[in-house]
Amino acid sequence: MANSSLFVAFMYTFLTQPNLTRPIDSIMIHLTVVNNLTIIVTLIPYIKASFGVKQILDDGGCQVILYVYRVSRGVSICTTSLLSTFQAITISPINSKWARLKSKLSAMITPSLLIFWIINLLIYIRVIETIRAIGNVSLVGLGYSHAYCQTQPMKTTTLWSYISIIFTHDLVFLILTLCTSLYMVSLLYRHHRTAQHVCSPSTQRPPEIKATHNILLLVSCFVFFYCSNNFFTLYSISTHKKIPALMGMRTLLGTGDLVTSQS
């Protein structure tokens, strides 16, 4: 609901008042679309499964759903990292080494988003080859499982090699998001220290402190949901017998970091 509201608000401004749009708005619109797509392909199969709806996907449907889910989720964390980097460079001081990038930010957005899509489309192409509909087969064996789908049996070395590529990709962008967020926190704290020496003390909490607390809270929630989702995903992959309740928990945690990435 929050993602949809953001998308409507951004598109309304973009269509009716284009002069008020900022370069960062295109990142926000893209992130909103990707997050909505991820949530839709994630929750709808689980909601149907929870109401006892029997197999509704064949092998082709499973491949499409899982491929769209993994690609959109991968693009989401990349775009979140880009958004955080954009904000950090924007508020960096003039004498900062990042200042020279400010004039190039707008031109870098579209190529960056295109590269994110290409990288994730290539990384997850193997999903199409390995995903099959569950049907009447029990959820047993190493591999990823979904409400109606699961991976075919794979060699342990092949499975973990593929997983390591995925988690390395995600970890790189997660670390970049953390670093840029902490950089913004340090800038705001230094600005607060400088303002204390210039302005007279006030009983109200300074806006820099509010912004710092908000950044730390949102980043902490994002990291918590993301890491928790990955932990449950790894556990689910590495266990031979799949637990439906655990898969549901993994899904809820997965939607949590999507929501916090835009707040």
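For this chain, numbers begin at 1 and follow the sequence in order. None of these values were measured; they are calculated from a predicted model.
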Chemist: Please identify each residue that fulfils side-chain contact (heavy atoms from CB on, under 4.5 Å) with F167, with sequence neighbours left out.
Modeler: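 F167 satisfies side-chain contact (heavy atoms from CB on, under 4.5 Å) with I163, N230, L234 once adjacent residues are dropped.
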Chemist: Return the OG to CZ distance between S26 and F86, rounded to the nearest 0.5 Å.
Modeler: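 Interatomic distance, S26 OG to F86 CZ, rounded to 0.5 Å: 7.0 Å.
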Chemist: If only atom types and distance count, is the side chain of S228 paired as donor or acceptor with the main-chain N or O of F225 below 3.5 Å?
Modeler: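 Here the side-chain-to-backbone pair does not exist.
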Chemist: To the nearest 0.5 Å, what is the distance between OH (Y226) and CZ (R73)?
Modeler: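 Answer rounded to 0.5 Å: 6.5 Å.
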Chemist: Run the side-chain contact (heavy atoms from CB on, under 4.5 Å) test against T180 and tell me which residues pass, sequence neighbours left out.
Modeler: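 Applying side-chain contact (heavy atoms from CB on, under 4.5 Å) to T180 gives S84, T85, A88, L176.
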Chemist: Please determine whether residues I165 and L171 belong to a single hydrophobic cluster, defined as Ile, Leu, Val, Met, Phe, Trp and Tyr linked transitively by side-chain heavy-atom distances below 4.5 Å.
Modeler: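 No: no chain of side-chain contacts under 4.5 Å links I165 to L171.
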Chemist: For the CD1 atom of I40 and the CG atom of N36, what is their distance to the nearest 0.5 Å?
Modeler: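 If we round to the nearest 0.5 Å, I40:CD1 and N36:CG are 6.0 Å apart.
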Chemist: Do V223 and V172 share a hydrophobic cluster (ILVMFWY, side-chain heavy atoms under 4.5 Å, transitive)?
Modeler: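 Different clusters.
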Chemist: State, to 0.1 Å, how close I131 and Q63 come at their nearest heavy-atom pair, and which atoms those are.
Modeler: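 Shortest heavy-atom separation between I131 and Q63 comes out as O-NE2, 3.3 Å.
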Chemist: How far apart are the closest heavy atoms of S92 and I89, and which atoms are they?
Modeler: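 So the minimum-distance heavy-atom pair works out to OG-O, 2.6 Å.
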Chemist: Quick one: does S81's side chain have a donor or acceptor within less than 3.5 Å of a partner on I77's backbone?
Modeler: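 Not confirmed, S81 side chain does not pair with I77 backbone.
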Chemist: Begin from the C-alpha positions of K102 and T90 and carry the test side chain to side chain contact (heavy atoms under 4.5 Å, CB included) through to its verdict.
Modeler: CA-CA 6 Å; K102 289 186 179 183; T90 300; 5.8 Å; no
Chemist: Got a sec, which residues hit side-chain contact (heavy atoms from CB on, under 4.5 Å) with V68, two or more places apart in sequence or on another chain?
Modeler: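 Here the qualifying residues are L37, V41, V64.
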Chemist: Please list, chain by chain and in numerical order, all residues satisfying side chain to side chain donor-acceptor pair (under 3.5 Å) with Y67, sequence neighbours excluded.
Modeler: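 For Y67 there are no side chain to side chain donor-acceptor pair (under 3.5 Å) partners, ignoring immediate neighbours.
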Chemist: When rounded to the nearest 0.5 angstrom, what distance separates CG in L82 from OG1 in T177?
Modeler: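 Result: 9.5 Å between the selected atoms.
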Chemist: Holding to salt bridge (Lys or Arg N to Asp or Glu O under 4.0 Å), I want the full list of residues that pass it with R126, two or more places apart in sequence or in another chain.
Modeler: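 R126 satisfies salt bridge (Lys or Arg N to Asp or Glu O under 4.0 Å) with E129 only.
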Chemist: Would you list the atom pairs, donor with acceptor, under 3.5 Å between side chains in residues 103-124 and any protein atom, with sequence neighbours excluded?
Modeler:
from : atom 1 : to   : atom 2 : distance (Å)
S112 : OG     : M108 : O      : 2.6
W117 : NE1    : H30  : NE2    : 2.8
N120 : OD1    : H169 : NE2    : 3.3
N120 : ND2    : F116 : O      : 2.7

Chemist: First locate atom CD1 of I65, then atom SG of C62, and finally report the distance between them rounded to the nearest 0.5 Å.
Modeler: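 It is 8.0 Å, given to the nearest 0.5 Å.
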Chemist: Measuring from L187:CG to L182:CG, what's the distance to the nearest 0.5 Å?
Modeler: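 Between atom CG of L187 and atom CG of L182 there are 11.0 Å.
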Chemist: Between T38 and V34, is there a donor-acceptor pair closer than 3.5 Å when you use the side chain of the first and the backbone of the second?
Modeler: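 It does hold such a pair.
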